[in-house]
Amino acid sequence: MDKKEISKILNEIATLLELNDENPFKIRAYQNAARALEASNISLGAETKIKDLEKIKGIGKKIASNIKTLIETDDLDIYQKLKQSTPEGLIDMLKIPSLGPKKIKYLYDNLDIESISELELACTENKLVNLPNFGQKTQENILKGINIVKKFTGKYLYSDFLDEAEEIFKSIKGCKYTVRASIAGSMRRKKEVIKDIDIVASTNAPRQLMDFFTKLKQAKKIIVKGDTKSSIMLQSGINVDIRTVNDEQFPYALHHFTGSKEHNTALRSLAKKNGIKINEYGLFKDGKIIGCNNEEELFNVFSMDYIPPELRENFGEIEAARNGRLPKLIEMEDIKGIFHIHTDYSDGNMSISQVCKKLIDMGMQYAGISDHSKTAAYANGVKDSEIDDYLKEMEEAESKFSGFKIFKGIESDILADGSLDYKNDILARFDFIIAAIHSSFNLSEEEMTNRMIKAIENKYTTIVAHPSGRILLARDPYKVNITRIINAAADNNVDLELNANPHRLDLDWRMLKYAKEKNVKIFINPDAHHLENLIDYRYGVYTARKGWLEKEDVINTMDSKQIADYLKKKKKEK
DNA sequence: GCCGTTTTCGGCCCGACTGTTTTCAGTCG
């Protein structure tokens, strides 16, 4: 069982404990341990010792031994017992807004309700109204919540809501009652998947600002409305939350509502050790506020450098900020060229010349064209007999656009046995090879990992595309040991892709940090099939920032001369 | 269940809002 699976089970245990009304601190201990495990660099295997696990902050004797048992037996007694005593439907019920573990437990114990459909029936039969702490309104809200669960999963792609969030934010910022405002929450932290859109604003007229907010044309429904907090639902089902404070409080509120919760908790603990209380209204020492004009000053109170929002995930940023070791994160303008582009030679809908023209307009110096290979018949992959034409057209296009460089590549399928799908003499004709999995997804973890490592060891492989194969909110990653993939890439001088398609964002930022530590270089690639997808590299830059990447970690920050040398050298040395 | 420059016991982040109550429980972030 790998780190991710074990961390998932620890989180599940926490949820199950919650539904069993356990000690809240025990619940948090399991959540913290899950997080700590995932953030750590420990690689789990038969040789993993309980002692090594205990060294991780947040994992103690008990959970260390539980993890060890999970590694060895793929199973855990308390987990099974909890699962047996807790109907699966109760976990589903947690998705219903306004319904939490306490109420779910009460309904289960007293009305035998163990699924969303049973709960819906009970509501329509009016069975909840007379229970203690329930009532007419609660019953109605639960019914509404059930409808929301049915209609939406409650999670949304960051990229799908960026524009709408910006538009709403602009309205708020332009409102005459607003002093300062910012997008906050997971959107400000550039999380790949978000639950809602958060906005923080300072004002002298909270009530008027709330009226303005709840009357926005985008608001389909008002969820809550108060003087400091309101929430509306948009047509799409996503909620926009706003929090208002007075202007002196703005920096603290912005920090607080940017989160993450885990980052805030960690910072609060640190504050507490220094005798400082921290909440959304200020930093307080001996009851007196410590004045801060902005977030920079807030961090300075703790002798910390400014932590960019993307890093606020309690992944080591607090310690790094205290030691002056925060990374100088990559910026959009660092990207000098774009790789992993599909043209009308396979399933893209743009010609090579169109790509060049568009990239030149975008200020780029080079393109790495890489159409699908022959095995990808569904994508009209380039057949052996078409290779000559494909290469020739790239050369001709390059000569048309002086000063612009085309690197000739192909996205070669990794076959089930780990070999690439062209013979070596064909692979050798390209400047770079992107190796990718597009078939046989259902191998075991061992088989899949070995398959990918074999492709990494292939002397022609330059880059491994979308290493986990996940499609956000749609398809789980393949069963693959990503730590071993990163290690193999490090050992074989192969680069990894950060696929910037907003549905992928793969390699995941949590693993990018590990790749960086292993000195594995990253390509940020849009995997573009249309001209308008070329700009998608921006989502890759955001994700790279979340993964602590600096300019030097990303290959396509090089200018065209440097990258030409880099690819040539790589080809020769491998 | 975890943790410790006061501690191996006794803490563990904090506040807004709703709906239920008539001072509070539950949920959410």
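Naming convention: chains lettered A, B, ... in sequence-line order (proteins, then strands); numbering from 1 in each chain.
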Within less than 4.0 Å of OP1 or OP2 of dG29(B), is there a side-chain N or O belonging to Lys195(A)?
yes
For a quick test of reading the model: is some side-chain N or O of Lys272(A) closer than 4.0 Å to OP1 or OP2 of dC12(B)?
yes
Is there a donor in the side chain of Glu167(A) and an acceptor in the side chain of Gln218(A), or the other way round, less than 3.5 Å apart?
yes
Quick one: label Pro97(A) by what it contacts on the DNA or RNA (base, sugar-phosphate, nothing), any heavy atom closer than 4.0 Å.
sugar-phosphate
Reckon Phe257(A) touches a base, only the sugar-phosphate, or nothing at all at heavy-atom distances under 4.0 Å?
nothing
Rounded distance in Å - CG (Asn32(A)) to P (dC3(B))
9 Å
To the nearest Å, how far apart are Ile56(A) CD1 and dC3(B) C1'?
16 Å
Can you figure out which of dC28(B), dT20(B), dG1(B) approaches the side chain of Phe25(A) most closely?
dG1(B)
From the options dC14(B), dC28(B), dC3(B), select the nucleotide whose nearest atom is closest to the side chain of Lys57(A).
dC3(B)
N/O (side chain, Thr228(A)) to phosphate O (OP1/OP2, dG15(B)) under 4.0 Å
no
Answer yes or no: does a side-chain N or O of Thr138(A) lie under 4.0 Å from OP1 or OP2 of dT20(B)?
yes
Which value, in whole Å, describes the distance between the C1' atoms of nucleotides dG26(B) and dT21(B)?
13 Å
Could you tell me whether the side chain of Asn23(A) has a donor or acceptor atom within less than 3.5 Å of a complementary atom in the base of dG1(B)?
yes
If I take atom CG in residue Asn274(A) and atom C1' in nucleotide dT5(B), what distance separates them, rounded to the nearest angstrom?
13 Å
Applying salt bridge (charged side-chain N to carboxylate O under 4.0 Å, His left out) between Glu550(A) and each of Lys513(A), Arg325(A), Lys328(A), Lys516(A), report the one that passes.
Lys516(A)
Taking only the side-chain heavy atoms of Arg28(A) (C-beta and beyond), determine which of dG26(B), dC14(B), dC12(B) contains the nearest atom.
dC12(B)
Rounded distance in Å between the C1' positions of dG19(B) and dC12(B):
29 Å
Considering only atom C1', compute the distance from dC14(B) to dC9(B) and round it to an integer number of Å.
24 Å
For Lys229(A) and dT18(B), give me the distance from atom NZ to atom P, rounded to whole Å.
9 Å
Provide, to the nearest angstrom, the distance between the NZ atom belonging to Lys26(A) and the C1' atom belonging to dG1(B).
7 Å
Just call it for Leu99(A): base, sugar-phosphate, or nothing, with non-hydrogen atoms closer than 4.0 Å on any strand.
sugar-phosphate
Thinking salt bridges, do Asp21(A) and Lys105(A) make one under a 4.0 Å N-O criterion?
no
Rounded to the nearest angstrom, tell me the gap between atom CD in Gln249(A) and atom P in dA16(B).
10 Å
Taking atom P of dA16(B) as reference, at what distance in whole Å does atom CG of Asp198(A) sit?
16 Å
Tell me what Ile96(A) touches on the nucleic acid: a base, only sugar-phosphate, or nothing, going by heavy atoms under 4.0 Å.
sugar-phosphate
Using a cut-off of strictly less than 4.0 Å, decide whether Asn141(A) has a side-chain nitrogen or oxygen near OP1 or OP2 of dG19(B).
yes
Heavy atoms from C-beta onward define the side chain here; which of dC17(B), dG29(B), dC2(B) lies closest to that of Val224(A)?
dC17(B)
Picking from dT27(B), dA25(B), dG29(B), the nucleotide nearest the side-chain atoms of Pro101(A) would be dT27(B)
Test: Glu192(A) and Arg510(A) ion pair at under 4.0 Å:
yes
Would a line drawn from the ring center of Trp548(A) to the ring center of Phe315(A) be shorter than 6.0 Å?
no
Reading DNA chain B from 5' onward, which residue's closest nucleotide shows up sooner: Gly100(A) or Lys61(A)?
Lys61(A)
In whole Å, measure the gap between the C1' atoms of dG1(B) and dT8(B) for me.
14 Å
Between dG15(B) and Asn279(A), is there an OP1 or OP2 to side-chain N/O distance shorter than 4.0 Å?
yes
Within a reach of under 6.0 Å around CD of Glu88(A), are more than 12 heavy atoms found that belong to other residues, nucleotides or ligands?
no
Report yes if some heavy atom in the side chain of Tyr158(A) is under 4.5 Å from a heavy atom in the side chain of Leu162(A); otherwise report no.
yes
Could you tell me how far apart Asp196(A) (CG) and dT27(B) (C1') are, to the nearest whole angstrom?
14 Å
Minimum-distance nucleotide (side-chain atoms of Asp241(A) versus dG26(B), dG29(B), dC12(B))
dG29(B)
Looking only at the side chain of Ile63(A) (C-beta and beyond, no hydrogens), which of the listed nucleotides dC2(B), dG26(B), dT18(B) gets closest?
dC2(B)
Does dA16(B) have OP1 or OP2 sitting under 4.0 Å from an N or O in the side chain of Tyr281(A)?
yes
